[in-house]
Amino acid sequence: MTPVILLDNLEEFVKEKTKDIKLRVRVRKPEQGQEKERAADVYKMRLPKKEDQTEKVPYILLQFLTGKDGEAQEGSACQIRIVVATYAENDSMGAYDVLNVLLRIRSELQKTGIIGGYFALKKPLEYLVYPDSTQPYFLGEMITNWSIPTIEREVEAIWQ
């Protein structure tokens with residue numbers, strides 16, 4: 001099991017658990033039937049293009065940060081960063097929306113504890129809403145720690 005599989009499972013989990021949170025969308029040229037609210041799109045590792053940092057808002061971005069293979073008793077672990085971006089003309093509502101999404105993901109992860117049957121959430125679970133003034137876009141993040149299955153050696157060394 002690899003962090004790639006964890007990201008795939010986490011993507012589906014986050015989509016399912018946040019699909020009912022409707023967030024504001026920036027409407028540049030209002031057209032009939034254009035949506036003004038929607039659930040956040042979920043992406044892995046990076047957004048498709050640099051300009052998507054504002055064009056794709058609201059979104060949730062899942063990024064692999066670090067991985068570590070320890071001794072047999074320690075097992076393997078990795079860190080996944082979850083970035084939340086929202087839009088609002090009102091400073092307090094934009095930051096509130098980020099916090100709302102982060103807290104939903106946090107509570108659902110803690111209730112479940114295991115993703116994909118193999119990946120266990122470990123503490124600490126850290127999250128923050130960026131205090132910077134970036135209106136009308138607002139960002140926050142959560143750092144999650146995961147234990148992942150250890151890859152077992154298939155062949156033993158002869159010289160042991």
L6 vs C78, side chain to side chain contact (heavy atoms under 4.5 Å, CB included): CA-CA, chis, key distance, verdict: CA-CA 10 Å; L6 172 58; C78 72; 3.6 Å; yes

Any pair counted as salt bridge (charged side-chain N to carboxylate O under 4.0 Å, His left out), so long as it reaches residues 130-140, sequence neighbours left out: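 Those involving residues 130-140 do not exist here.
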
Pairs touching residues 101-120 that satisfy salt bridge (charged side-chain N to carboxylate O under 4.0 Å, His left out), sequence neighbours left out: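 Every salt bridge (charged side-chain N to carboxylate O under 4.0 Å, His left out) pair that includes a residue of residues 101-120, provided the two are not neighbours, is K17-E108, D20-R104, E108-K111.
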
So how far is it from [X] [atom1] to [Y] [atom2], rounded to the nearest 0.5 Å?
X    : Y    : atom1 : atom2 : answer
W146 : I114 : CH2   : CD1   : 9.5 Å
F13  : T18  : CZ    : OG1   : 9.5 Å
L10  : F64  : CG    : CZ    : 13.0 Å
K22  : D97  : NZ    : CG    : 13.0 Å
T144 : L62  : OG1   : CG    : 8.5 Å

So does [Y] get a backbone contact from the side chain of [X], meaning a donor-acceptor N/O pair under 3.5 Å?
X    : Y    : value
T134 : Y137 : yes
N9   : I5   : yes
T2   : V4   : yes

With sequence neighbours excluded, residues passing side chain to side chain donor-acceptor pair (under 3.5 Å) with N145: Q79

Side chain to side chain donor-acceptor pair (under 3.5 Å) against Q135, all qualifying residues, sequence neighbours excluded: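 Partners of Q135 by the side chain to side chain donor-acceptor pair (under 3.5 Å) criterion come out as none, since no residue qualifies.
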
Can you name the closest pair of heavy atoms from [X] and [Y] and give their distance?
X    : Y    : value
A39  : K19  : CB-O, 3.5 Å
V98  : F138 : CG2-O, 3.5 Å
L128 : L102 : O-CD1, 3.5 Å
L65  : I143 : CD1-CD1, 3.7 Å
R24  : P58  : O-CD, 3.6 Å

Worked check of side chain to side chain contact (heavy atoms under 4.5 Å, CB included) between Y118 and I148: CA-CA 7 Å; Y118 299 100; I148 58 177; over 6 Å; no

Trace of the side chain to side chain contact (heavy atoms under 4.5 Å, CB included) decision for Q110 with L125: CA-CA 9 Å; Q110 288 183 327; L125 185 61; 3.9 Å; yes

Verify the cluster assignment for [X] and [Y]: are they in a single hydrophobic cluster under the rule of side-chain heavy atoms below 4.5 Å apart?
X    : Y    : result
I60  : V129 : yes
V14  : L121 : yes
L23  : Y127 : yes
I105 : I115 : yes
L61  : L99  : no

Verdict with supporting geometry, V25 and V57, side chain to side chain contact (heavy atoms under 4.5 Å, CB included): CA-CA 7 Å; V25 176; V57 172; over 6 Å; no

Atom pairs and distances, donor-acceptor, side-chain atoms in residues 41-48, under 3.5 Å, two or more places apart:
from: D41; atom 1: OD2; to: R38; atom 2: NH1; distance (Å): 3.4
from: K44; atom 1: NZ; to: D8; atom 2: OD1; distance (Å): 2.6
from: K44; atom 1: NZ; to: E11; atom 2: OE1; distance (Å): 3.3

With a 3.5 Å cut-off and sequence neighbours excluded, list the donor-acceptor pairs that the side chains of residues 81-89 form with protein atoms.
from: R81; atom 1: NE; to: E141; atom 2: OE1; distance (Å): 3.2
from: R81; atom 1: NH1; to: Q63; atom 2: OE1; distance (Å): 3.1
from: R81; atom 1: NH2; to: Y130; atom 2: OH; distance (Å): 3.2
from: R81; atom 1: NH2; to: E141; atom 2: OE1; distance (Å): 3.2
from: T86; atom 1: OG1; to: G94; atom 2: O; distance (Å): 3.1
from: Y87; atom 1: OH; to: E89; atom 2: OE2; distance (Å): 2.3

